[in-house]
There are 2 protein chains.
Amino acid sequence: MVMGREELGQRSETVRRANLSAIVRELHLHGPLSRSELVARTGLTRSAIRALIGELVTGELVVEEPALRLGTPGRPSPLVRLATESTVVLALEISIDSLAVAILGAGGVVLEHRRVDRPRGHSTLEEIAADLVDLARAARARRPLGETPIGVGVAVAGIVNRSDGLVSFAPNLGWVDVPLGATLTAGLALPVPVGVANESDLGALAELRRGAARGADDVLYVHGEVGVGGGIIVDGRPLSGIAGYGGEIGHMPINPQGRPCRCGSTGCWETEVGERALLARAGYPLDGGRAAVDAVLADAAAGVPEALAALQSVGRWLGLGLAGLVNILNPRRVILGGLLSRIHPFVADLVEASLDRHALAAPRRLVSVVPSTLGVDAPLLGAAEMAFEPLLADPAAWLGTRGALVQLESA
Amino acid sequence: MVMGREELGQRSETVRRANLSAIVRELHLHGPLSRSELVARTGLTRSAIRALIGELVTGELVVEEPALRLGTPGRPSPLVRLATESTVVLALEISIDSLAVAILGAGGVVLEHRRVDRPRGHSTLEEIAADLVDLARAARARRPLGETPIGVGVAVAGIVNRSDGLVSFAPNLGWVDVPLGATLTAGLALPVPVGVANESDLGALAELRRGAARGADDVLYVHGEVGVGGGIIVDGRPLSGIAGYGGEIGHMPINPQGRPCRCGSTGCWETEVGERALLARAGYPLDGGRAAVDAVLADAAAGVPEALAALQSVGRWLGLGLAGLVNILNPRRVILGGLLSRIHPFVADLVEASLDRHALAAPRRLVSVVPSTLGVDAPLLGAAEMAFEPLLADPAAWLGTRGALVQLESA
DNA sequence: ACCGGTTTGTGATCCTCTCTTGCAAATGTC
DNA sequence: GACATTTGCAAGAGAGGATCACAAACCGGT
């Protein structure tokens, strides 16, 4: 994600880039807009918008369509739309239970999507990478010949260094210091950068742009399966930390009397609110996987006391940990994803009560806890958003290259 | 702190403002620079720098001085310096044991400074505000007649809403929902905004700009006295949260079997690493204050077992909590301030060992824990930095007004 | 003391980009 | 069908930085 500190010296060209970026970003986030709506949203003049749109149109990033009839007086304003079909990204996901691939067009339109189950347990980098490359090839085969994505985003259930795509630790896969980014770059053989990031960080990004966190600037996304990860949005920007390792809220110590964690520590949050904690308390085998979780939830819906008690325990620990995070981050919204979104209906009241008790009054009043709206695909969609980011940040850099690509194709 | 999202539409004027801001900010952070150094740092051309400096000089924000002899070949470049003596801010601090006032000139030069002891315990808003107003008046009396600060910053040991300066909760003072900002604005009767923020948040800002966190973009500042507060810097920007309540790390739950906290919750971090925890374990009265803390540290230096054991306990809990925060935030540096900087020599090894055990390997490798270099004055200096921020963000806005002020004075 | 090399300030001119302004085009309403 | 409203369009103005040629100030060596 190219979101570094802006260079100090600004030139007039900077203004043009920033304005192009603003237009493309608005179209990406809000869908097609009329020229006049763009004028209103950006604050630019009609003339400026006209010139900028013109440039984007000749650069084939954007198309203009006849205005739709609105029934309002005045001359109708043509609709500006991103060239969804010709500007695409490739998104990949390595989750605990599945692998997924998607191709999305500008504006966030899903053009291809496939998710395949994966047996739990350890896998080698080579196996996973080969499967992902196959999935990507198959997805691309269903698209027009010669289509090349402008970027690739990969979500992985593990701790990732964003700068080099090295997976430092992924207990679900049994990975330590595995060069996922480099391997996928070689395997995909695409002439574009491959960005790798943590699934929770990307889930947060997706929920921010397309899901339950829309419109909020300060967000905490909590993704729970066996492990618990977090994606933190501060002031509209992802908190990645110094190397992209930020957001590992599953490993904040919360119970010194607790169980050992896969990370080597003891009493981490995920040992109390992760899948294994739920299954253990409900009397199911720890490695029961999704089937066992489904059973617990079904039991709870049917009123089985053990299942309800297990959910209540998870709910209490969930609320306790969220209280701490709310105190630390003062977010507007907390989004529960993965397993946590499924148990949310059962534990919502407990969580709220726990926040009342354990969070400071001031930040507590301002926060709301809601389940994910994107569900299992949140990290995959976030990977796509990450891949779009360079385009959104500086569309001007793409105006030249696309012409070159078109020339190459026609030659 | 005016650091919101930039407006979408950019104009050419924006460029000029940004460039003026870059120059003033560089001068504020790095001290006087030659024109040619400014050219190198900003990437602007000599001509652009010349024009911008010229504008700042006529606006009396900056002065040019003859170049210093460097012994290097080439024409010497005149030194550009902020008009320290004529561009000042007023900084105030309400700490648990003291009140403080300072007047700082642009560039961070301390022109006036006074700290007075304050008896611990509850005080009314009126008492504190009156004392601060008196301190400010006395400090201003020692400055040239007619000098008016361009801003006022207030650091307070409590949870503050930044937008209105309402102190939501300050257990040290016995305050709940106290309108500190409005009262000080009225009491000081200055025609400039009064910004109020949490002392830890401001301590972090000061350490970032002038202290141990210099050069780091991701920082956690932990300020411990009776309470424990935190200031978080993400990507070079303070994490304030939706209303400025962020950073309350003292109230993250860490020990469900722990003691009740002043906030109403139980087992908060500050109940294990705050002053009372240290005193209780060392066998000193809980309300012994600074004298008792001094005694514990003296005992420890002399090898008294109880004191050493107390410090070790605090060190272990400190390391445990820091491990969680390192996992969440992935900072480059952790700065220990207040009481924690004093105990750091005694617990450094324990803290490092605790991080090794409880923090994830990847973020743990990248972080270093160091004591504050600004000491007790960090929050006060941070308040000054906050008051300078509008000037740094948009110096152009001051170029007009200063002329007006000068006219007023000469009339 | 002088001369060349180097670095920097200065001023004129050009280029880029947005804003302003006047006008034409397209729609709805009376 | 006249009128108001909204929008697109085109030309000119204004702002601001980049470029370039030249002068000024310093160093070092002869």
Side-chain angles (χ1 to χ4, degrees), chain A residues 6-23 32-59 62-80 394-396 399-400, chain B residues 6-23 32-59 62-80 394-396 399-400:
Chain A
E6 50 275 67
E7 287 235 323
L8 288 174
Q10 308 264 337
R11 327 186 235 179
S12 13
E13 191 193 348
T14 318
V15 175
R16 187 175 195 74
R17 282 177 192 271
N19 285 339
L20 283 172
S21 170
I23 290 175
L33 294 167
S34 72
R35 273 205 206 179
S36 54
E37 283 173 312
L38 282 172
V39 168
R41 283 173 183 273
T42 61
L44 295 172
T45 60
R46 294 202 300 265
S47 309
I49 289 288
R50 186 175 87 95
L52 294 169
I53 297 285
E55 189 165 350
L56 291 172
V57 167
T58 58
V62 143
V63 288
E64 274 194 309
E65 294 175 347
L68 359 117
R69 307 263 162 133
L70 296 167
T72 56
R75 174 173 172 173
S77 193
L79 204 63
V80 182
D394 188 11
L399 294 177
Chain B
E6 49 276 63
E7 285 235 323
L8 288 175
Q10 307 266 338
R11 326 186 236 178
S12 28
E13 190 193 348
T14 317
V15 176
R16 188 170 196 77
R17 284 178 191 272
N19 285 338
L20 284 172
S21 170
I23 291 175
L33 294 168
S34 71
R35 274 205 206 178
S36 55
E37 284 173 312
L38 282 172
V39 167
R41 283 172 183 273
T42 60
L44 295 171
T45 61
R46 295 202 298 266
S47 307
I49 289 288
R50 185 173 86 97
L52 295 168
I53 298 285
E55 190 166 348
L56 291 172
V57 167
T58 58
V62 142
V63 289
E64 274 192 310
E65 293 175 346
L68 0 115
R69 308 265 163 130
L70 295 167
T72 56
R75 176 170 172 173
S77 193
L79 204 64
V80 183
D394 188 11
L399 294 177

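In the text below, chain A, chain B and the rest are named by the order of the sequence lines, each starting its count at 1. Because only heavy atoms are used, hydrogens play no part in the values below, and waters and symmetry mates are left out as well, while side chains stay in.
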Novice: Taking for each residue the nucleotide of DNA chain D bearing the nearest heavy atom, is the 5' side occupied by A:S77 or by B:A48?
Specialist: A:S77
Novice: How many whole angstroms separate atom CD1 of B:I53 from atom C1' of D:dG17?
Specialist: 15 Å
Novice: Would you mind reporting whether A:R35 and A:R50 have side-chain heavy atoms less than 4.5 Å apart?
Specialist: yes
Novice: Using heavy-atom distances to pick each residue's nearest nucleotide on DNA chain C, tell me which of B:P78 and A:R16 is more 5'.
Specialist: B:P78
Novice: Can you confirm whether A:I23 sits close enough to A:V62 that some side-chain heavy atom of one is under 4.5 Å from a side-chain heavy atom of the other?
Specialist: no
Novice: Starting at CD1 of A:I49 and ending at P of D:dT7, how long is that distance when rounded to a whole Å?
Specialist: 12 Å
Novice: Can you check the B:R50 CZ to D:dG16 P distance for me, whole Å?
Specialist: 15 Å
Novice: Could you tell me if the side chain of B:L20 sits less than 4.5 Å from the side chain of B:L56, heavy atoms only?
Specialist: yes
Novice: Taking the side chain as everything from C-beta on, heavy atoms only, tell me whether A:L38 gets closer than 4.5 Å to A:I53.
Specialist: yes
Novice: Just N and O in the side chain of A:S36: are any of them under 4.0 Å from OP1 or OP2 of D:dT6?
Specialist: no
Novice: For D:dG17 and B:N19 - does any side-chain N or O of the residue sit under 4.0 Å from the phosphate oxygens OP1/OP2?
Specialist: yes
Novice: Could you give the distance from CZ (A:R41) to OG (A:S34), rounded to the nearest 0.5 Å?
Specialist: 9.5 Å
Novice: Can you tell me how far P of D:dG8 sits from CD of A:E37, to the nearest Å?
Specialist: 11 Å
Novice: Quickly work out the A:L44 CG to C:dT16 P distance and round it to whole Å.
Specialist: 19 Å
Novice: Have a look at B:R46 and say if it touches a base, only the backbone sugar-phosphate, or nothing, with a 4.0 Å heavy-atom cut-off.
Specialist: base
Novice: Might you work through the side-chain contact (heavy atoms from CB on, under 4.5 Å) test for B:V80 and B:I49, ending with a clear yes or no?
Specialist: CA-CA 11 Å; B:V80 183; B:I49 289 288; over 6 Å; no
Novice: Answer with base, sugar-phosphate or nothing: what part of the nucleic acid does A:S34 contact at a heavy-atom distance below 4.0 Å?
Specialist: nothing
Novice: Round to a whole Å and report the spacing from CZ of A:R35 to P of D:dG8.
Specialist: 5 Å
Novice: Would you mind reading off the bend of the helix from C:dA1-D:dT30 to C:dC30-D:dG1 from its two end axes, five pairs each, to 10 degrees?
Specialist: 10°
Novice: May I have the distance from B:R17 (atom CZ) to C:dC17 (atom P), rounded to whole angstrom?
Specialist: 21 Å
Novice: Checking all strands, does B:T45 fall into the base, sugar-phosphate, or nothing category for heavy-atom contacts under 4.0 angstrom?
Specialist: base
Novice: Side-chain donor or acceptor of A:S47 under 3.5 Å from a matching atom on the base of C:dT20?
Specialist: yes
Novice: Expressed as a whole number of angstroms, how long is the span from B:L20:CG to D:dG16:C1'?
Specialist: 11 Å
Novice: Judged by atom type as modelled, is there a donor-acceptor pair below 3.5 Å linking the side chain of B:S77 to the main-chain atoms of B:S36?
Specialist: yes
